[in-house]
Amino acid sequence: MSIVRGCGPSLGINRIKANLLSCRIITSTSGNRRPDETCLALLQSCDALPKLFQVHSLIFKLGLQGNPFVLTKFTSKSSELNSVDYAHSILFSAQSDCSLYDTFLFNNLIRAYAQTESLKAKALEMYNFMLQCGVLPNNYTYPFMLKACAGIGDLSLGRSVHGSVLKFGFHEDVHVRNTMVHMYCCCRGGIDYGRKLFDGMPKRDSVPWSAMIGGYARLGRSVDAVELFRKMQIAGVRPDEITMVSVLCACTDLGALELGRWIETFIEKQKVNKSVVLCNALIDMFAKCGDVDKALKLFWNMSQRTIVSWTSVIVGLAMHGRGLEAVSLFEEMKRGRMVPDDIVFIGLLSACSHSGLVDQGREYFDLMSKEFGIVPRMEHYGCMVDLFCRAGLVKEALRFVQKMPVEPNPIIWRTLINACHSHGELKLAESITKQLIHYEPLHEANYVLLSHIYAKKFDWGEKTKIREAMDKKRMKKIPGSTMIELNNEIYEFVAGDKSHNQYREIYKMVDEMGREMKKAGYVPTTTEVTLDIDEEDKEDALYSHSEKLAIAFALLNTPSGTPIRIVKNLRVCGDCHSATKYISKIYSREIVVRDRNRFHHFKDGICSCRDFW
DNA sequence: CTAGGGTTAG
């Protein structure tokens, strides 16, 4: 039994008690209310799908299935309740007359499709149908349409909608314009055109700025994102919490801790609303820029935490090899009322994997489906393979892969190959890699793996063949690069880099580091050098690795005793890992390295990963 | 009765 407040103008305090189960209506006053108004009120009160079904049968009983007002309200509710297919089927079943539909009704349907993942393409179908019916779009139609295009990410689709916007003359509308920038930023290859539109806008509040900054951040053009944020301040536009979330994303990607700290004080000073999402972004930033304790502090200070907050700290702890803390946080989360989702399990399993907690990892993997009904995805299987491989349990990893109910993806194969490679199972590594290349012939990482295997076998002939094959396919290794933040600037080094104006001093420093390290017992790991050159040249090749250059740069330019923080785009190589241990001891520096996978804290010749990577 | 930008993942 539910009570619906009337909304007809003449009815005043009229209330309708509707017994939805039996589809009977009992009006509390005389029957002066029109049945369509009753239906509208009832539809308004629907807060769950079953109710909507009941009202639908009522609509039928009262013969209102062709009434455009009722149907419009019906589509609106369907879209709110995420039941767009249901609405669609009813609207286009034989009883209704499409010629009675109006713009509003179509907008509701387009909105519903645009906000439903996997059905976004239908929004465009619906739009075309709307035009076929002779119904004209209005300025409310296009934000939905552009959002759908943004979700699909197809530039030509976006362009065609842009054409319609121009044709119907809605390109001056602020909302349409802003969403247009957003759409171009979300489509592959569209961001520069988005920027052009953005630059041409006469008035811009924080929304288009956020769209643009967020666009750069999503693409990994983080420097552009930060730069645009600076321009925004110069332009005197006040950023809000959504802008700051995008800026923080870019900062997280750069691993720029000083910038991150500056952003945090900026948020405090400007009194930007610290929404839960913004706090989550701050936590993620601090954890991924190397200050996980600060991330924890922020986390415990939050008055409300979402699953994203928990996931961010758990993943953060995992990256720093603090797996036991991650596990106890997860347990604490379970003790509260928070229900774990599939993503937090990925973080938890990777925490186990980075800290060698094999048994816990196994237990949690079982718990996930048994207690929480989460069906393991490829990512979860990947974590488990990673868990076994890192712990050196190559046989167990292989057994696990064979028992997996789905075909492993290339990432899992590469994890296995790496494990086989580092545990001396070279034959197995070679055969898996060859199969992988057969299956995925255009992925350069596979060839690099194979060439590493041949290097370890000292098979220079095969190795040269691989390199030639790569040249022929015009493939290149992704160049390793290392970033370092110094005095509010971000410096980026690549191997053999001579672009820096201090490069002579840097190379001199690298030589000195080499001499000191050898004195302390360092032996260069020349087997990791993929070039077929003599040993001395190989040492040189190792010394010019980007992280060694960055560390030399930092030793030259920062006061002694201060920690050095660097960020790598790839995984740190074995030689640099062992070299950095020596450097931390010789020069008494704490060196914090973020690589593609995790953090390494070097201190006194020891790394926090316990060589577990 | 409808419209713009944002967070977690091997």
Side-chain angles (χ1 to χ4, degrees), chain A residues 7 40 43-44 69 72-77 79-80 102-112 114 138-147 150 170 173-183 185-186 198 204-215 217-218 239-249 252 275-285 287-288 305-316 318-319 341-351 353-354 377-387 389-390 408-412 414-415 596-598:
Chain A
C7 58
L40 289 176
L43 278 165
Q44 182 63 40
F69 291 106
T72 300
K73 189 75 205 164
F74 186 79
T75 54
S76 169
K77 268 296 158 187
S79 116
E80 276 171 38
D102 64 352
T103 304
F104 199 168
L105 182 142
F106 277 106
N107 284 354
N108 282 333
L109 274 177
I110 292 170
R111 167 170 69 140
N138 63 9
N139 55 332
Y140 289 81
T141 311
Y142 286 106
F144 297 138
M145 290 297 294
L146 292 163
K147 256 181 157 171
F170 292 115
D173 183 282
V174 172
H175 295 266
V176 173
R177 263 190 144 126
N178 291 343
T179 324
M180 191 100 79
V181 171
H182 175 238
M183 180 275 289
C185 287
C186 287
F198 172 84
R204 294 175 298 207
D205 64 7
S206 67
V207 174
W209 285 95
S210 303
M212 207 59 232
I213 293 170
R218 262 194 307 277
D240 60 14
E241 73 261 33
I242 295 177
T243 322
M244 296 321 292
V245 169
S246 290
V247 179
L248 279 169
C249 274
T252 307
S275 64
V276 179
V277 176
L278 180 55
C279 285
N280 291 344
L282 272 167
I283 289 171
D284 190 51
M285 181 276 291
K288 288 183 182 155
R305 299 179 195 92
T306 63
I307 189 71
V308 178
S309 329
W310 288 94
T311 309
S312 297
V313 273
I314 289 173
V315 168
M319 284 186 81
D341 65 0
D342 49 339
I343 299 175
V344 76
F345 269 106
I346 296 173
L348 180 66
L349 293 174
S350 84
S353 150
H354 283 296
R377 285 207 316 256
M378 193 61 81
E379 285 87 343
H380 300 102
Y381 290 115
C383 286
M384 290 309 284
V385 174
D386 197 53
L387 176 81
C389 285
R390 275 181 212 275
N409 65 2
I411 300 170
I412 291 182
R414 279 192 285 273
T415 306
R596 200 170 183 79
N597 275 340
R598 60 166 295 156

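A note on names: the letters A, B, ... follow the listed sequences, proteins ahead of strands, and every chain is numbered from 1.
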Report task. Could you go through the side-chain hydrogen bond (donor to acceptor under 3.5 Å, both in side chains) check for A/Ser353 and A/Ser350 one step at a time? Result -> CA-CA 5 Å; A/Ser353 150; A/Ser350 84; over 6 Å; no
Query raised in the report: What class does the angle between the rings of A/Phe198 and A/Trp209 fall in, given that below 30° is parallel, 30 to 60° is tilted and above 60° is perpendicular?
Result: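 Taking A/Trp209 first and then A/Phe198, their aromatic rings stand perpendicular (interplane angle over 60°).
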Looking for any heavy atom pair under 4.0 Å, which part of the strands does [X] touch: base, sugar-phosphate only, or nothing?
X        : answer
A/Asn107 : base
A/Ser353 : nothing
A/Asp102 : nothing
A/Ser275 : base
A/Asp240 : base
A/Asp386 : sugar-phosphate
A/Cys249 : sugar-phosphate
A/Lys77  : nothing
A/Asp173 : base
A/Arg377 : base
A/Met244 : nothing
A/Ser76  : nothing
A/Ser309 : nothing
A/Leu282 : nothing

**Report entry** pair A/Cys185-A/Arg218: side-chain heavy atoms closer than 4.5 Å
**Finding:** yes
Query raised in the report: Is there a side-chain contact between A/Val315 and A/Asp284 (heavy atoms, below 4.5 Å)?
Result: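 No; the side chains remain at least 4.5 Å from each other.
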Query raised in the report: Hey, is the main chain of A/Thr72 close enough, under 3.5 Å, to the side chain of A/Asn108 for a donor-acceptor pair?
Result: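 Indeed, once roles are kept as given, a pair shorter than 3.5 Å links the two residues.
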Query raised in the report: Between A/Asn138 (side chain) and A/Thr141 (backbone), is there a donor-acceptor pair under 3.5 Å?
Result: yes
Query raised in the report: Under a criterion of less than 4.0 angstrom to any heavy atom of chain A, what are the 5'-terminal and 3'-terminal contacting nucleotides of DNA chain B?
Result: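 The contact span of chain A on DNA chain B goes from B/dC1 to B/dG10.
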Report task. Kindly check if the number of other-residue, nucleotide or ligand heavy atoms within 6.0 Å of CZ (A/Arg377) is above 12? Result ->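 More than 12 within 6.0 Å, yes.
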